Amino acid sequence: MMDGEERACEGPDSMYVKLISSDDHEFIVKREHALVSGTIKAMLSGPGQIAENETNEIKFREIPSQVLSKVCEYFTYKAQHTNSSTEVPDFPVSPEISLELIIAANFLDC
Amino acid sequence: MAEMLMETVKRLQSRLRDNPESRKLLKTLKRLRDVPMTVDILVETGVGKTVNSYRKHEAVGEAAKSLVTKWKKLVPQTADRANSHVKEPSHSHRGHKRPREPSPEEGGSYAEAEERGYHTIYSPSPPQHKQYSPQQEGRYQSDQYESPEPEPSPPPPPPPRKDLHHIKPNKEPSKNHHHKDGERQRQQQQHTEVRRSNEKSREWHQSPPQKTAKHMKTTTTSAHDRKEEKKKGGDCSEGRRQQKETQPQKVEDDYETPTMSFESFLTYDAPTVVKKKKKSSSQQQQQQLPPSSSHSRPSQSSSSTFSSSRGTRSPQPSSSSSSSKYIKTNGSQSTKRSHPDSSTEALPTPEKRRRVVEEMPMLPEIPLPAIQPNYRPLPSMDVTPLSPQRRKGPVCNDEDDAGFTGKRLNSKMVVYSGSKTAYLPKMMTLYEQCIRVLQNNIDSIAEVGGVPFDILEPVLERCTPEQLYRIEELNQCFTEDSNELWRRHCQHDFKRESRKEYESWRELYLRLHDEREARLRLLTQNITSAHANKPKVRQAKIAFEDSFAKPPRDVRRRQEKFGTTSGSSAASTFAACPIKPKAAAPSVHPAEPSGPSSSQFIPAPSSSRSSGPSAAAVGAVALGKPQPKKKAPMMAKTIKAFKNRFSRR
């Protein structure tokens with residue numbers, strides 16, 4: 001599974017991208033999900049040759065893993081409810097991580 | 001089967017005709033009675049007429065009458081038709097293919113012949129025929145309309161409103177002489193009905209009640225005249241009759257008229273139920289009554305009754321019997337009365353009224369609502385208890401206006417099931433989600449960490465001054481940027497103040513806030529001191545702090561008797577109040593020092609209890625609950641209730 005995903009991360013058109021937290025947790029998410037974040041989108045597809053373009057990996061030195069995991073959750077949440085006609089439930093955010101999360105959200109522009 | 005019946009009936013009918021012997025007639029009549037008669041048979045054979053011809057027979061007259069009546073009930077229309085058939089043979093003009101047809105023809109011919117006029121009039125109204133048949137028979141025999149009125153010539157039954165349209169006034173005319181009502185009805189009907197009907201009614205008039213030939217003549221002529229008078233709107237005129245005869249449509253009308261007349265006969269007594277016109281006419285009749293009729297008073301009452309019972313009359317053929325009586329009486333009078341042939345429906349003839357008056361018994365003048373074919377009960381009172389308002393949704397006032405519980409007419413309110421924040425109208429970004437969470441937990445924000453002020457600004461905007469101050473204290477970096485926020489607070493709280501030089505809004509606010517606090521404190525002190533100096537009017541003190549209150553003598557006796565002394569000892573107290581050992585303990589405390597002797601502790605728990613739930617008097621420390629040391633059974637209940645009340649806090 002990992003191999004497949006790693007391979008999937010290879011190449012510029014891979015389906016998955018890897019997000020690495022400050023504490024070296026790797027979160028592999030679908031590319032399209034990650035592109036919800038404007039920052040990630042810019043990193044991955046922006047002009048110029050960024051290392052991320054090739055490896056499809058992004059390292060976040062400021063974002064701890066618990067926050068980054070929550071961010072990935074948000075990606076899924078957003079993808080699920082974006083075009084849904086039903087009422088969208090709240091995205092659960094615990095107050096304890098809200099401050100850090102807000103920093104990450106602000107950084108990631110999502 | 002039907003053919004067999006037909007054969008049987010025909011056979012019996014021929015027997016009737018051929019055998020004048022009473023015995024055999026009776027037999028035959030009995031057989032006929034047993035035969036399950038149908039409309040078709042009656043029409044085909046005309047047996048009704050045959051039987052009717054024996055109405056006057058001395059021996060079989062009764063049987064014949066009853067049989068005819070029975071058949072009439074069975075098939076009123078057909079019977080009339082049959083009767084018309086019966087009449088037809090006796091009259092030359094008969095011979096119409098359809099029973100109805102002859103009526104116009106008959107009417108025409110009858111115009112010349114009074115007697116015939118009667119017949120024709122009757123023929124078109126089979127129902128009338130039925131009843132008239134016996135009379136008609138008599139007439140036939142006498143070639144005049146004797147006024148036997150044995151049976152009430154059913155006045156043109158006030159046809160049901162709908163029928164009125166179709167029904168021609170023919171029926172009415174026949175009875176008009178007899179019954180003013182019929183005339184009235186007729187008139188009314190005439191107004192409403194087609195000309196043809198009017199013509200027919202005229203004919204009916206011509207064939208007025210069969211009182212006597214003389215009457216007939218007079219009536220016919222008068223009817224004639226009246227009819228013409230009555231028919232103003234285009235009917236009336238002899239030509240009409242002829243037109244009627246020629247017009248095939250008449251057949252239909254005739255077809256219907258018989259029914260009408262029958263019904264009108266049945267209900268001739270009652271005021272014609274010709275829809276509203278009748279009413280108006282009846283009303284007018286009422287008005288006219290006083291001046292016109294000698295029986296002004298009774299007529300009025302009768303008219304009122306008529307108008308009231310109008311609705312009832314038409315649907316009640318059973319009133320025919322009663323009406324018959326009236327008809328008889330009316331018959332005698334009808335001759336005297338002239339048919340008001342006012343075409344206007346509103347002109348009830350006063351004579352009719354008179355007739356009616358005399359006929360109808362005096363009824364109490366109770367204005368009943370006219371019975372309408374489309375009865376709509378009064379709309380029920382719509383109780384409009386407000387439906388429980390949704391907590392989340394806006395109040396919908398349309399419910400009240402609509403007077404219908406639970407129904408939202410114009411509500412555009414979107415009702416959310418569940419909490420409001422459960423579902424968001426749009427997708428919020430992660431940032432917004434976090435802001436939302438933080439806003440909901442402002443008090444939990446302590447050190448923000450490295451979060452810049454800008455990011456948290458939406459959160460801080462929602463802070464109260466106190467919260468803002470606290471956060472600033474914890475996060476000094478915010479102080480620099482929060483000036484705007486403080487400005488807002490100042491404007492909100494201290495509108496009139498202005499800041500001094502070099503004073504930030506924050507400082508200004510803090511200063512003003514402190515000043516205000518100081519002022520409040522001062523005021524509070526002044527008030528408390530002022531109060532302290534005043535003599536206390538009312539004070540709640542704990543009675544019997546050291547000892548137990550002494551209960552009244554009888555209470556004490558009872559306490560000793562039943563051992564219900566409270567507070568006498570800790571044990572007894574606990575025993576009495578097992579529920580509240582804790583509560584009782586403090587109450588017991590003061591008692592304990594006094595000593596647990598019952599004689600000493602004449603606790604007045606009962607009295608104190610009865611006096612009030614507050615246990616202060618008992619010496620129990622007020623825990624906000626009544627703490628009686630002894631629990632009388634009734635008191636226990638009360639205490640329980642009080643417990644519940646207080647425990648809810």
Side-chain angles (χ1 to χ4, degrees), chain A residues 19 21-23 27 29-30 32-42 58 60-110, chain B residues 390-394 412-463 467-468 470-478 481-482:
Chain A
L19 309 176
S21 65
S22 61
D23 47 350
F27 298 87
V29 295
K30 275 192 181 169
E32 59 186 1
H33 287 8
L35 293 179
V36 166
S37 160
T39 312
I40 295 175
K41 186 177 177 182
I58 302 178
F60 296 104
R61 292 196 189 84
E62 314 85 18
I63 304 178
S65 59
Q66 68 269 22
V67 177
L68 193 55
S69 68
K70 202 68 181 174
V71 172
C72 294
E73 271 182 46
Y74 177 77
F75 291 156
T76 311
Y77 162 87
K78 171 117 195 225
Q80 178 185 354
H81 293 108
T82 296
N83 293 326
S84 166
S85 59
T86 60
E87 292 179 8
V88 180
D90 278 349
F91 181 65
V93 177
S94 62
E96 292 81 12
I97 66 164
S98 59
L99 283 171
E100 293 170 318
L101 190 58
I102 199 168
I103 299 171
N106 186 55
F107 173 74
L108 292 174
D109 184 30
C110 66
Chain B
R390 295 200 63 92
R391 195 165 59 85
K392 304 289 182 185
K412 294 177 186 167
M413 166 177 70
V414 178
V415 174
Y416 291 106
S417 62
S419 66
K420 212 170 190 179
T421 58
Y423 297 108
L424 308 174
K426 66 177 176 88
M427 177 75 68
M428 290 171 68
T429 66
L430 188 58
Y431 173 75
E432 290 167 356
Q433 302 267 11
C434 294
I435 291 291
R436 180 181 54 80
V437 170
L438 286 168
Q439 284 169 350
N440 295 337
N441 300 283
I442 289 178
D443 292 332
S444 310
I445 299 174
E447 290 187 3
V448 186
V451 183
F453 177 84
D454 298 331
I455 295 177
L456 289 176
E457 186 169 4
V459 178
L460 296 172
E461 283 171 355
R462 300 248 184 132
C463 292
Q467 291 169 335
L468 183 60
R470 184 179 69 84
I471 292 173
E472 283 187 348
E473 291 292 307
L474 298 170
N475 307 281
Q476 294 294 327
C477 55
F478 287 167
D481 305 316
S482 63

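Computation of the quantities below employed the complete heavy-atom set of this structure, encompassing side-chain atoms and omitting hydrogens, waters and symmetry-equivalent molecules. Just so it is clear, the model here is predicted, and its values are computed rather than measured. By convention in this document, chain letters (A, B, ...) are assigned in the order of the sequence lines, proteins followed by strands, and residues within each chain are numbered from 1.
- Both the backbone and the side chain of A/T82 come within contact range of chain B, with heavy atoms under 4.5 Å apart.
- Separation of atoms CG (B/L438) and CD1 (A/I102) is listed at 5.0 Å; rounding is to 0.5 Å.
- Summarising the geometry, atom SG belonging to A/C110 is positioned 10.5 Å from atom CD belonging to B/Q433; distances are rounded to the nearest 0.5 Å.
- Annotation: the span from B/I455 atom CD1 to A/I103 atom CD1 amounts to 6.5 Å, rounded to 0.5 Å.
- The heavy-atom pair separating B/L430 from A/F91 by the smallest distance is CD1-CE2, 3.5 Å.
- At a threshold of 4.5 Å between non-hydrogen side-chain atoms, the residues A/L108 and B/Y431 do not count as touching.
- Contacts of B/I435 with chain A are made by both backbone and side-chain atoms, with heavy-atom separations under 4.5 Å.
- Heavy-atom pairs under 4.5 Å with chain B were tallied for A/S94, A/A105, A/S37, A/P92; the largest tally goes to A/A105.
- Only the side chain of B/V437 comes within contact range of chain A, judged by heavy atoms closer than 4.5 Å.
- With B/C434 as the partner, the side chain to side chain contact (heavy atoms under 4.5 Å, CB included) test is satisfied by one option alone out of A/N106, A/L101, A/I97: A/L101.
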